[in-house]
Amino acid sequence: MEELTFEQAMKRLEDIVSQLEAGEAPLDKSMALFEEGTKLSAYLSKLLDTAEQKVTMITAQAGKETEVPFDTEEGE
């Protein structure tokens, strides 16, 4: 999974969610999809945490004394 970019992992997770929401997969396939989705979610969370740490560090290096929260609502 480490070889996936954030965008690739997110796309795969979206595909998994769509398949599970459709409810057409047999139970064993659904369980495998759920397990993969859980792993992808953890991987994406790790990538986002790392990015947040980098933004905080860059902001601090730019002379800012306080953390500036990243506005996730912007552009929506």
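What you see is a predicted model, and the numbers here were worked out from it, not measured in a lab. In this chain, numbering begins with 1 at the start of the sequence shown.
Contact between A25 and S30 at its shortest, heavy atoms only, is O-OG, 3.4 Å.
No donor-acceptor pair closer than 3.5 Å links the side chain of Q19 to the backbone N or O of I16. Judged by distance alone, with hydrogens and angles left aside, the side-chain atoms of S41 form no donor-acceptor pair with the main-chain N or O of G37 at under 3.5 Å. Under a 3.5 Å cut-off, the side chain of Y43 and the backbone N or O of L4 do form a donor-acceptor pair.
Rounded to the nearest 0.5 Å, atoms CZ (F34) and CG (L20) are 8.5 Å apart. To the nearest 0.5 angstrom, S45 atom OG is 12.5 Å from L40 atom CG. Note: L47 CG to M10 CE = 11.5 Å, rounded to the nearest 0.5 Å.
Ionic pairing of E35 and K39 is present here: one or more N-O contacts between side-chain nitrogen and carboxylate oxygen are shorter than 4.0 angstrom.
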Inset, instruction - Show your working on side-chain contact (heavy atoms from CB on, under 4.5 Å) between E36 and R12 and close with a plain yes or no. - result: CA-CA 9 Å; E36 182 183 355; R12 177 63 185 145; 2.9 Å; yes
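Counting heavy atoms from C-beta on, the side chains of K29 and L33 come closer than 4.5 Å.
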